[in-house]
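What you see below is based on every heavy atom in this structure, not just the backbone, and it leaves out hydrogens, waters and symmetry mates. A quick note: this is a predicted structure, and the numbers were derived from the prediction, not measured.
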Amino acid sequence: MPRQIDYRVPETRAGEDAYTRPAFSFGNRAKRLVWNITWLVLFRLSPRPFHAWRAMLLRLFGATLGPDCHFYPAARVWAPWNLICADHVAAGDGVEIYNPSPMHFASHVILSQDAYLCGATHDYNDPTFPLLSYQMTFGPYAWICARASVGPGVNVGEGAVLGLGSVATRDLAPWTVYAGNPAVIIRDRHRPPTVGDTV
């Protein structure tokens, strides 16, 4: 089933170069500028244990965060207002969440150092090269390992693991371990008996 596009850049107007015109509205760009300054001055320079402070800054810019979410100082979120997290979500240093459309993280999702979550791409078969973005979902207890990448529109099932430096180009099945580029199944992951159907 084809992935559902959440946002497509509007049609090019007369006199515009499709490759260099902004993909987002002025209001969106202005909000991201203010957020980037806030991230640089107040988020990035905060002490590592100050998780509640960084969560407060994300919420201030529209993020939905459950209790005890840990976003480390060098984690980057492109658009906090498109970040929806349940409880105990963690993003290590160097994680980059590129989320022009909403990204949903269920309980106990772990994003290890330098993981990259890419929520958008371009239609390279269209001469105007429009940006396309997708909503994405990461199920409870999913783990994106260090330096792994998740491609646009890929959804990660409950308990799925994407191994070190791997690249997910298709949806990841629940309680399954993936590795490689493109990532393929290498084994099942045992579901702990204490894990309930947390959403």
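In this structure, Arg21 pairs ionically with Glu16, as a charged nitrogen and a carboxylate oxygen lie closer than 4.0 Å. Salt-bridge formation is detected for the pair Asp126/Arg8: a Lys NZ or Arg NE/NH1/NH2 atom is positioned less than 4.0 Å from an Asp or Glu carboxylate oxygen.
Counting heavy atoms from C-beta on, the side chains of Tyr134 and Val154 never come closer than 4.5 Å. The shortest distance between side-chain heavy atoms of Leu65 and Val89 does not fall below 4.5 Å. A 4.5 Å side-chain heavy-atom check between Leu83 and Ile97 finds at least one atom pair inside the cut-off. Residues Thr137 and Val156 are not in side-chain contact: their nearest non-hydrogen atoms beyond the backbone lie 4.5 Å or more apart. A heavy-atom distance below 4.5 Å is found between the side chains of Asp87 and Pro67. Residues Ile84 and Met103 are not in side-chain contact: their nearest non-hydrogen atoms beyond the backbone lie 4.5 Å or more apart. By the 4.5 Å heavy-atom criterion applied to side chains, Ile144 and Ile110 are not counted as neighbours. Between Val177 and Ile185, the closest side-chain pair of non-hydrogen atoms is not below 4.5 Å.
Trp39 places no side-chain N or O within 3.5 Å of a backbone atom of Ala74 that could act as its donor or acceptor partner. Side chain of Asn99 to main chain of Asn82: a donor-acceptor pair is present (N/O by atom type, distance under 3.5 Å, no hydrogens or angles). Between the side chain of Tyr178 and the main chain of Ala173, a donor-acceptor pair closer than 3.5 Å is present. A side-chain donor-acceptor contact under 3.5 Å links Thr38 to the backbone of Val34. Side chain of Arg54 to main chain of Phe71: a donor-acceptor pair is present (N/O by atom type, distance under 3.5 Å, no hydrogens or angles). No side-chain donor-acceptor contact under 3.5 Å links Asp188 to the backbone of Thr176. A side-chain donor-acceptor contact under 3.5 Å links Ser166 to the backbone of Gly180.
Taking the six-membered ring for Trp and thresholds of 30 and 60 degrees, His70 and His51 have nearly parallel ring planes, at less than 30 degrees apart. Taking the six-membered ring for Trp and thresholds of 30 and 60 degrees, Phe138 and Phe105 have nearly parallel ring planes, at less than 30 degrees apart.
With ring centers used as reference points, Phe24 lies under 6.0 Å from Tyr7.
Closest approach of Leu42 and Trp53 over heavy atoms only: O-NE1, 2.9 Å. Nearest heavy-atom pair, Arg170 versus Arg3, reported as atom, atom and distance to 0.1 Å: CA-NH2, 3.8 Å. Taking each heavy atom of Ser46 and Pro73 in turn, the nearest pair found is O-CG, 3.5 Å. Pairing each heavy atom of Cys69 with each of Cys85, the nearest pair is SG-CB, 4.1 Å. The two residues Asp6 and Ser101 have their closest heavy-atom pair at OD2-OG, 2.6 Å.
Distance check, rounded to the nearest 0.5 Å: CG of Asp93 to OG of Ser112 gives 11.5 Å. The CG atom of Asp123 lies 10.5 Å from the CG atom of Leu131; values are rounded to the nearest 0.5 Å. Taken to the nearest 0.5 Å, the CH2 atom of Trp143 stands 15.0 Å off from the NE2 atom of His108.
Taking a 6.0 Å sphere around CZ of Phe50, one finds it holds 12 or fewer heavy atoms contributed by other residues, nucleotides or ligands. Within a 6.0 Å radius of OH in Tyr124, no more than 12 heavy atoms belonging to other residues, nucleotides or ligands are found. Around atom CZ of Arg189, more than 12 heavy atoms belonging to other residues, nucleotides or ligands sit under 6.0 Å away. For CH2 of Trp35, the number of neighbouring non-hydrogen atoms (other residues, nucleotides, ligands) closer than 6.0 Å is greater than 12.
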(request) Starting from the C-alpha separation in whole Å, work towards a yes-or-no answer on side-chain contact (heavy atoms from CB on, under 4.5 Å) for Arg76 and Tyr98. (result) CA-CA 8 Å; Arg76 297 292 306 261; Tyr98 175 46; over 6 Å; no
